[in-house]
Protein chains: 2
Amino acid sequence: MNVTIKDVAKRANVAPSTVSRVIADSPRISEKTKRKVREAMKELGYHPNFIARSLASQTAQVIGIVMPSSAEQALQHPFFPEVIRGISKAAHEKKFALQMSTGEKEEEIYEEVVEMLQGRRVDGVILLYSRVNDKLMKYLLRHDFPFVVIGKPHQRAEQITHVDNDNYRIGKETTQYLLGLGHERVAFIGGNETYLVTADRLLGYKEALEEAGLIYRPEYVVYEEFLQKANQEEMKKLFSLDEPPTALVVVDDLLALDVLKLLDELNLRVPDDISLVSFNNTLLADMARPPLTSVDIHIFQLGYEAAKNLIEKVANPNEPVKRIIIPHKLVKRFSCDYV
Amino acid sequence: MNVTIKDVAKRANVAPSTVSRVIADSPRISEKTKRKVREAMKELGYHPNFIARSLASQTAQVIGIVMPSSAEQALQHPFFPEVIRGISKAAHEKKFALQMSTGEKEEEIYEEVVEMLQGRRVDGVILLYSRVNDKLMKYLLRHDFPFVVIGKPHQRAEQITHVDNDNYRIGKETTQYLLGLGHERVAFIGGNETYLVTADRLLGYKEALEEAGLIYRPEYVVYEEFLQKANQEEMKKLFSLDEPPTALVVVDDLLALDVLKLLDELNLRVPDDISLVSFNNTLLADMARPPLTSVDIHIFQLGYEAAKNLIEKVANPNEPVKRIIIPHKLVKRFSCDYV
DNA sequence: GTGAAAGCGCTAACAA
DNA sequence: TTGTTAGCGCTTTCAC
């Protein structure tokens with residue numbers, strides 16, 4: 001079979017435990033012995049067996065990535081690869097491996113993650129979503145498994161380490177930017193209504209209007225699902241209002257592309273006829289025509305911080321709960337103009 | 001500590017091995033015993049320890065995904081999330097978990113994958129790239145580790161199970177489509193020169209020209225790196241030729257968006273002034289304006305088949321080497337017109 | 001500074 | 001059909 005610690009021990013004329021200590025670079029082993037052992041490892045082409053190590057040490061050095069229901073769908077959205085990039089970076093730095101959930105439905109994912117953790121395959125998980133009343137989150141909390149959520153937990157946020165943006169402020173500032181350009185009829189195009197991000201940004205949007213002395217019009221708020229061509233009804237309704245908006249706050253780049261397309265069909269030109277600012281500042285924003293003014297929420301950093309903090313928590317279970325707010329930044333391009 | 005197989009055994013008044021057999025649903029255990037054991041598992045809240053199982057059974061039930069140098073960069077390209085989606089689907093069906101490489105440089109990734117495999121963390125890997133003279137591939141071959149590559153291996157392709165498109169035909173048919181529209185000055189915009197995909201498609205492109213009795217002009221072939229704004233020199237040169245092309249074969253949607261942008265700057269309109277067909281048919285193609293005619297290479301399926309075949313190979317090491325060609329399809333939208 | 005030995009939780013050969 | 005037992009390859013007390 002394979003070269004094991006015992007083979008190395010024999011070759012180096014030491015005990016297996018000594019080899020183990022050399023692997024861990026224990027300070028209690030003499031340099032001379034270390035050299036000898038390392039040489040033996042080289043000669044034999046030894047590679048430590050992670051699995052055996054995991055079993056003995058009760059730690060996997062692996063973190064799990066939990067996608068929202070339907071990993072399959074999620075990956076269609078540029079947000080996810082980008083968070084994963086950040087996670088990957090941090091994991092790599094700390095020498096942790098990455099495991100991804102593959103489940104498609106909520107219940108499946110729940111089972112899968114439970115097995116991951118109970119099966120000791122991963123030391124902790126990062127939830128890439130924050131859903132209302134999430135069964136999995138409760139389970140993690142109850143069993144005291146290390147986890148971090150990206151976004152704001154709906155319940156017990158103060159007990160859960162999470163990495164988020166200040167979505168209220170984002171919504172507010174973005175709206176204010178548009179108001180500052182002279183727009184008074186600003187509409188809000190949200191994604192899925194049940195996500196907290198949307199709700200928070202909407203709150204900021206309302207606040208900005210109020211502070212500016214403008215009234216909030218419910219008919220100016222539209223929820224369009226991402227990645228769906230079909231239900232553009234709401235959007236069309238928006239533009240057949242007596243007083244259609246002159247500016248749009250669109251909650252996501254991908255959605256913004258959809259919107260752009262629709263506006264094109266309606267013969268509305270951006271930014272001449274209508275201004276638009278979107279969020280996330282993914283590659284899409286830059287590649288759209290016109291290039292979109294977009295709020296960079298630093299997705300990569302969201303992932304990076306999530307992984308970093310999860311790993312800290314795994315290493316030290318007493319690590320206090322943290323709430324990490326990643327700064328955002330409005331990136332101006334060419335989709336906004338004075339009214 | 002945690003509930004183990006022994007606890008369950010005690011509770012159910014059987015031997016640990018019996019419990020183990022129940023987990024594996026061995027047919028040699030009576031239904032009655034199974035029931036009894038399963039009940040005990042429920043009562044105690046037992047979850048099998050994967051790590052222990054892996055160690056004992058010498059199999060991890062995990063497949064590794066190897067990104068090209070710089071996982072970090074790669075994930076910026078929509079191709080990767082999409083293959084991963086496919087891989088995820090197949091893995092999920094076969095109850096395999098997914099582990100991703102996190103390394104950034106080629107050498108790092110090499111080390112990482114070697115540790116993954118030697119450390120028995122994964123049973124096999126999928127290479128999401130095919131590079132000339134790849135050190136890792138040689139290693140895998142030499143050590144007889146199960147692996148599958150997406151794309152065409154540069155060397156010993158006949159010894160390596162791989163999943164690919166017929167890129168030669170793709171290049172040829174695409175060019176023919178443009179020729180059929182009356183274009184005689186068709187340029188080829190490739191990505192990274194060292195990838196085999198590009199080379200194969202270029203071959204097809206040349207062949208199409210030849211068959212049509214047109215001469216191949218080297219100045220009509222341009223390599224532009226993906227995701228780089230800087231080096232647009234080559235492209236600009238292309239359009240300052242005495243006889244600039246009237247149609248473009250662009251090797252990738254993302255690149256096509258870049259090209260679109262550049263054309264815009266040059267005041268060339270698609271498809272009026274210039275026709276363009278791109279590849280991959282990602283969401284981008286549909287969202288670009290104009291929506292791009294693009295060759296769907298079925299990225300999802302590439303991933304799906306790769307994972308499926310890898311898992312088969314892991315289950316049965318004698319599985320013969322396979323070459324799987326995924327069909328492609330030209331999806332017509334609005335970026336091409338008669339000359 | 002190093003060795004001996006127990007044990008992590010499971011599987012699988014061999015017995016019965 | 002089920003039990004006994006010896007590992008899988010490593011870490012980690014506890015000795016010395």
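Proteins come first, then strands; the chains are lettered A, B, ... in the order of their sequence lines, and each starts at number 1. These numbers were taken from a predicted model, which means no experiment stands behind them. When reading the values below, keep in mind they use all heavy atoms of this one structure, side chains included, and skip hydrogens, waters and symmetry mates.
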What is the separation between atom [atom1] on [X] and atom [atom2] on [N], rounded to the nearest whole Å?
X: A:Arg53; N: D:dC10; atom1: CZ; atom2: C1'; result: 8 Å
X: B:Asn2; N: C:dC10; atom1: CG; atom2: C1'; result: 14 Å
X: A:Lys6; N: C:dA4; atom1: NZ; atom2: C1'; result: 12 Å
X: A:Arg120; N: C:dC8; atom1: CZ; atom2: P; result: 13 Å
X: B:Arg121; N: D:dG9; atom1: CZ; atom2: P; result: 17 Å
X: B:Lys10; N: C:dG9; atom1: NZ; atom2: C1'; result: 13 Å

Quick one: list whatever passes side-chain hydrogen bond (donor to acceptor under 3.5 Å, both in side chains) with [X], sequence neighbours left out.
X: B:Glu112; value: B:Thr102
X: A:Thr33; value: A:Ser30
X: A:Asn316; value: A:Glu319
X: B:Tyr46; value: none

Residue list, side chain to side chain contact (heavy atoms under 4.5 Å, CB included) with B:Gln301, at least two apart or on another chain: B:His298, B:Ile326
Pairs flagged by salt bridge (Lys or Arg N to Asp or Glu O under 4.0 Å) wherever residues 43-57 of chain A is involved - sequence neighbours left out: A:Arg11-A:Glu43
Residues that B:Glu39 engages under salt bridge (charged side-chain N to carboxylate O under 4.0 Å, His left out), provided they are two or more places apart: none
The helix from C:dG1-D:dC16 to C:dA16-D:dT1: angle between end helix axes, five pairs per end, rounded to 10 degrees: 30°
Close residues, residues 25-52 of chain A, relative to DNA chain D [heavy-atom separation under 4.0 Å]: A:Tyr46, A:Pro48, A:Asn49, A:Ala52
Hey, what are the protein-to-nucleotides 4-7 of chain D N/O distances that come in under 3.5 Å?
{"unit_1": "D:dT4", "atom_1": "O4", "unit_2": "B:Ser17", "atom_2": "OG", "d": "3.1"}

Geometric cation-pi criterion A:Arg121 and B:Phe50, 6.0 Å radius, 45° cone: yes
Identify each donor-acceptor pair in which a side-chain atom of residues 138-153 of chain B lies under 3.5 Å from a protein atom, sequence neighbours left out, and give them as a table.
{"unit_1": "B:Lys138", "atom_1": "NZ", "unit_2": "B:Asn133", "atom_2": "OD1", "d": "2.6"}
{"unit_1": "B:Tyr139", "atom_1": "OH", "unit_2": "B:Gln118", "atom_2": "NE2", "d": "2.5"}
{"unit_1": "B:Lys152", "atom_1": "NZ", "unit_2": "B:Asp200", "atom_2": "OD2", "d": "3.2"}

Neighbour count above 12 (heavy atom, 6.0 Å) for A:Lys36 NZ: yes
Sugar-phosphate, base or nothing in reach of B:Thr4, heavy atoms under 4.0 Å: sugar-phosphate
Sugar-phosphate only, base, or nothing, as touched by A:Val19 at under 4.0 Å among non-hydrogen atoms: nothing
For residues 91-100 of chain A, dump all side-chain donor-acceptor pairs below 3.5 Å to protein atoms at least two apart in sequence or in another chain.
{"unit_1": "A:His92", "atom_1": "NE2", "unit_2": "B:Glu108", "atom_2": "OE1", "d": "3.3"}
{"unit_1": "A:Glu93", "atom_1": "OE1", "unit_2": "A:Tyr304", "atom_2": "OH", "d": "2.5"}
{"unit_1": "A:Glu93", "atom_1": "OE2", "unit_2": "A:Tyr304", "atom_2": "OH", "d": "3.4"}

N/O (side chain, B:Gln58) to phosphate O (OP1/OP2, C:dA12) under 4.0 Å: no
